[in-house]
Protein chains: 2
Amino acid sequence: MRQKSNSAEVPLPPWEVRRKTEVPQRAPLTAERIVDAALAVVDTEGSGAVTMRRIAGDLGVVASSLYAHVRNREELLLLVLERVMKEVGVPEVTGQWDADLKAHYTKMQRVLSAHGDIALYNFAAFPPTAIGVAITERLLSVLLNVGVPPKIAAWALHRLTLYTTADVYEGWRLANKDLADWIDPVRDYFASLPADRFPSIVGNVDVMLDTDSDGRFELGLDMLISGLATFVTD
Amino acid sequence: MRQKSNSAEVPLPPWEVRRKTEVPQRAPLTAERIVDAALAVVDTEGSGAVTMRRIAGDLGVVASSLYAHVRNREELLLLVLERVMKEVGVPEVTGQWDADLKAHYTKMQRVLSAHGDIALYNFAAFPPTAIGVAITERLLSVLLNVGVPPKIAAWALHRLTLYTTADVYEGWRLANKDLADWIDPVRDYFASLPADRFPSIVGNVDVMLDTDSDGRFELGLDMLISGLATFVTD
DNA sequence: TTCTATCGTAGAACAGTGTTCGTTTACAGG
DNA sequence: CCTGTAAACGAACACTGTTCTACGATAGAA
């Protein structure tokens, strides 16, 4: 796979071997290839599994070599996040401000959810990235166009991003928990509570343990967006 | 401080020294004292500074001793979170459902913010704690009393908790960032963007970089609560 | 009082972690 | 063929959470 030509199939004659190490024909190490490798690990095992030695090993290289292309682990994860946000992309707008917002944040939720717990690095993502700026410009113009005051508009977008990020991160943590082992004991515990002191819980055990995570996300998104409607004048 | 009486000031006569080790009169190690020590570290340096050796050292003990009282580091941090949530407390209700919700989540935001980044451990906090159950029962009854459907009510509380948790965690990360070093460069960058392609940002640089974090939290909270009003029938 | 069982603490050890450093290597240009 | 440069290497440092064994003190029984 890493060999350059098919001539590598036949063993090299000794006089052709210039140095003692293996043929260095492998693809050059770049920040992009490092991000590729890190993203693959994040997707399957989460950001906690992204160690410098692990990523380096996946690239057939040693950990310290990564530091020539990436400042440190933190920056590497931020580069992975940026890659994912590019996959989210800049939203198309239709003129329906609420539908546009809902579509974008729903897509963001779906895309982020497909990449492990990388959402964790979207908390307090500052300074902003190029893709973040482009997205913000697009959505900000939508809200300003329908008469939302600038400060409210800017803050509201931040709130929606924060909410979406949190939902994805929590979803990942729940998914990577032995949740199945806990849900029945918790159901029993809820049901066993004294009904006179905990009537609301005892009477609604099933809805409390409902696992429809998409429905939960949508409810919060709808709450935020319809709360924003107060400020829309046009 | 750790001595039992003031007689410890004068050196013990040799015949009073029963065993070769130091006087074992120190307070016994308990889970509560371990949580005390961990909470103090979380408050001042964040959960990342909570290492088993560090906490043990603060208690005049060795790391492995902690494991007799606490299962592992994760559980210790969850105990710290539980302590903090007890400080938040079960809300008093007045009958004004929206004011009650706002008061509780505002208090939760204030209390959590006073304890470093412990909010991080409130993501996917499951199974629920005793204090969490008590809070949920109280707020759930408030929403059910004004006619919110059970599923909406239960989910909405979860959404509000998630939002509040996320706000606090992001706030901590922002506070522990060399934000002052970045805010001016970002302002310049925003202002330098081509005004024809980024009119919304260029025209609102100041509100985008507004640092009124309380106002931001309140806006999102109001959006969520007023979005919930749709479901209130009584 | 003496023996013994129990339990919490100590200390070493293991397998990791991010990051830095000086050295070696490989390739390109002269 | 030689040399300069840039990058990869590999060892090292100071940590991390956790486990295991052994020690020691305390409490109860004889």
Side-chain angles (χ1 to χ4, degrees), chain A residues 2-5 8 12 15-38 41-42 45-80 117 120-121 176, chain B residues 2 4 12 16-38 41-42 45-80 117 120-121 176:
Chain A
R2 205 171 284 139
Q3 312 289 9
K4 193 176 171 185
S5 67
L12 281 178
W15 55 87
E16 287 281 68
V17 180
R18 304 180 201 254
R19 299 293 185 277
K20 64 177 176 184
T21 59
E22 77 173 91
V23 272
Q25 315 292 56
R26 57 186 174 185
L29 194 58
T30 63
E32 192 167 348
R33 288 190 60 229
I34 296 173
V35 172
D36 288 341
V41 172
V42 169
E45 302 169 55
S47 64
V50 174
T51 71
M52 302 308 268
R53 286 175 177 84
R54 162 71 184 279
I55 301 303
D58 289 356
L59 291 167
V61 129
V62 92
S64 56
S65 303
L66 303 180
Y67 288 86
H69 306 91
V70 146
R71 210 183 310 271
N72 50 35
R73 192 184 103 106
E74 176 81 7
E75 184 181 275
L76 171 55
L77 270 325
L78 288 175
L79 289 174
V80 172
D117 63 338
L120 177 59
Y121 293 84
N176 287 44
Chain B
R2 202 173 283 138
K4 194 175 169 188
L12 281 177
E16 286 281 85
V17 180
R18 303 178 202 254
R19 300 293 185 273
K20 63 177 176 181
T21 60
E22 78 172 272
V23 272
Q25 315 293 55
R26 56 186 177 188
L29 194 57
T30 63
E32 192 168 347
R33 287 190 62 227
I34 296 173
V35 172
D36 288 343
V41 173
V42 169
E45 301 169 55
S47 64
V50 174
T51 70
M52 302 307 269
R53 287 175 176 83
R54 163 70 184 279
I55 301 303
D58 289 356
L59 291 167
V61 130
V62 94
S64 56
S65 302
L66 303 180
Y67 287 86
H69 305 91
V70 147
R71 208 182 313 269
N72 51 33
R73 192 186 103 106
E74 178 81 7
E75 182 179 278
L76 171 54
L77 269 325
L78 288 176
L79 289 174
V80 171
D117 63 340
L120 177 59
Y121 293 84
N176 287 42

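In what follows, chains carry the letters A, B, and so on, assigned in the order in which the sequence lines appear, proteins first and then strands, with residues in each chain numbered from 1. Atoms considered below: every heavy atom in the structure, side chains included; atoms not considered: hydrogens, waters and symmetry mates. As the structure is a prediction and not an experimental result, all values here were calculated from the model.
Two residues are said to be in side-chain contact when any heavy atoms from C-beta on lie closer than 4.5 Å; B:D36 and B:L59 fail this criterion.
The separation between A:M52 atom CE and D:dC9 atom P is 14 Å, rounded to whole Å. We find that CZ of B:R33 is positioned 13 Å from C1' of C:dT9, with the value rounded to whole Å. Taking atom OH of residue A:Y67 and atom P of nucleotide C:dG18, one finds them 6 Å apart after rounding to whole Å. In this entry the distance linking CG of A:L66 with P of D:dG10 reads 14 Å, nearest Å. Between the CD1 atom of B:I34 and the P atom of C:dG8 there is a distance of 11 Å, given to the nearest Å. Taking atom CD1 of B:I55 as the reference point, atom C1' of D:dG17 lies 13 Å away to the nearest angstrom. Atom CZ of A:R73 and atom P of D:dT16 are 16 Å apart (whole Å). Remark: P of C:dT19 and NE2 of A:H69 are 16 Å apart, rounded to the nearest angstrom.
Between the base of C:dG16 and the side chain of A:R53 there is no donor-acceptor pair shorter than 3.5 Å. You'll find a donor-acceptor pair under 3.5 Å spanning the side chain of B:S64 and the base of C:dG11, going by distance alone.
For B:E32, the CD atom is loosely surrounded, since the number of other residues' heavy atoms within 6.0 Å does not exceed 12.
The two residues A:S47 and A:R73 have their closest heavy-atom pair at O-NH1, 3.3 Å.
The backbone N or O of A:L29 sits less than 3.5 Å from a side-chain atom of A:H69, completing a donor-acceptor pair.
When the side-chain nitrogen and oxygen atoms of B:S65 are compared with OP1 and OP2 of C:dA10, one or more of them lie within a distance under 4.0 Å.
B:V50 comes within 4.0 angstrom of the backbone, heavy atoms only, and of no base.
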